[in-house]
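Every chain is numbered from 1, with letters handed out A, B, ... down the list of sequences. Worth knowing before you read on, the calculation uses all heavy atoms, side chains too, and leaves out hydrogens, waters and symmetry mates.
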Amino acid sequence: NAGVTQTPKFQVLKTGQSMTLQCAQDMNHNSMYWYRQDPGMGLRLIYYSASEGTTDKGEVPNGYNVSRLNKREFSLRLESAAPSQTSVYFCASSDGTSIEQFFGPGTRLTVL
Amino acid sequence: GENVEQHPSTLSVQEGDSAVIKCTYSDSASNYFPWYKQELGKRPQLIIDIRSNVGEKKDQRIAVTLNKTAKHFSLHITETQPEDSAVYFCAARGSGAGSYQLTFGKGTKLSVIP
């Protein structure tokens, strides 16, 4: 099992560009999450998907959109990137039994 | 929504000493409290968790205690080793149904000095 995978690992964008961060899990989990991590701020929830076909806003959703493509995949889209979106982005997944969230390796995004 | 405060933000201990990290939460309905360890450049990984119906849980050198009345929980690491050096995050699962959302503290950078 690969667990939770994310692509790309690193990305540099210019202000105003768009991009999609991809996440996939092979653990048959129902719930998936996108977090951003900034120095001294911990992990903040951007969006989550409790189950296939549903998505909800987290603590910091502005400037982002998500798509739960199927049970395995959950993508995060930046339509018009801003320097304030420079961060490390983590995807995570969990199932209804254990609650534990398993994290992907992260995507380090820099917006110039 | 849930709010989690974590202290201290940095902690240095001598190898072999104990380390304690404390967190408080605001939502009295929260019922699940995990601790994650994140090494430099790596993903957060669960090291121990506790549910609201338990007061203490131990796993080798790591223990977590929960005081529901005071709404605080703590991570205790005994006999610290250099490989314990990392950033530790506490979290709480709020009362929202279905999605198991976690609210994280801002982290504690633990340095174990050989």
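- The part of Gln38(B) that comes within reach of chain A is its side chain, from C-beta onward, which places non-hydrogen atoms under 4.5 angstrom from that chain.
- Atom CG of Leu102(B) is separated from atom OH of Tyr48(A) by 12.0 Å, given to the nearest 0.5 angstrom.
- For Pro34(B), no part lies near chain A; criterion is any non-hydrogen pair under 4.5 Å.
- Environment of CD in Glu79(B): sparse, with no more than 12 heavy atoms of neighbouring residues, nucleotides or ligands closer than 6.0 Å.
- For Val4(A), the part lying under 4.5 angstrom from a heavy atom of chain B is the backbone only.
- Linking Ile, Leu, Val, Met, Phe, Trp and Tyr whenever their side-chain heavy atoms come within less than 4.5 Å puts Ile62(B) and Val64(B) in one cluster.
- Residues Ile50(B) and Ile21(B) fall within the same hydrophobic cluster, defined by Ile, Leu, Val, Met, Phe, Trp and Tyr side chains chained together at heavy-atom separations under 4.5 Å.
- Shown here is Lys71(A), whose NZ atom has more than 12 heavy atoms of other residues, nucleotides or ligands within 6.0 Å.
- With values rounded to the nearest 0.5 angstrom, Gln101(A) atom CD is found 8.0 Å from Tyr32(B) atom OH.
- Both Met32(A) and Leu21(A) belong to a common hydrophobic cluster when Ile, Leu, Val, Met, Phe, Trp and Tyr are linked at side-chain heavy-atom distances under 4.5 angstrom.
- More than 12 heavy-atom neighbours from other residues, nucleotides or ligands sit within 6.0 angstrom of CZ on Arg44(A).
- Ranked by heavy-atom pairs under 4.5 Å with chain B, the list Ser51(A), Gly104(A), Gly106(A) is led by Gly104(A).
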Please evaluate residues Phe89(B) and Gln37(A) with respect to the criterion side chain to side chain contact (heavy atoms under 4.5 Å, CB included), reporting the C-alpha separation (whole Å), side-chain torsions for both, the decisive distance (0.1 Å), and the verdict.
CA-CA 12 Å; Phe89(B) 294 98; Gln37(A) 184 175 37; 3.2 Å; yes
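- At most 12 heavy atoms of other shown residues, nucleotides or ligands fall within 6.0 angstrom of atom NZ in Lys106(B).
- Here CZ of Phe102(A) is found 11.0 Å from CZ of Arg43(B). Values are rounded to the nearest 0.5 Å.
- In Leu112(A), the CG atom is crowded: over 12 heavy atoms of neighbouring residues, nucleotides or ligands sit closer than 6.0 Å.
- Contacts between Phe103(A) and chain B at a heavy-atom distance below 4.5 Å involve backbone atoms as well as side-chain atoms.
- Both the backbone and the side chain of Leu43(A) come within less than 4.5 Å of a heavy atom of chain B.
- Considering CZ of Phe104(B) and OH of Tyr35(A), their distance stands at 4.5 Å, rounded to 0.5 Å.
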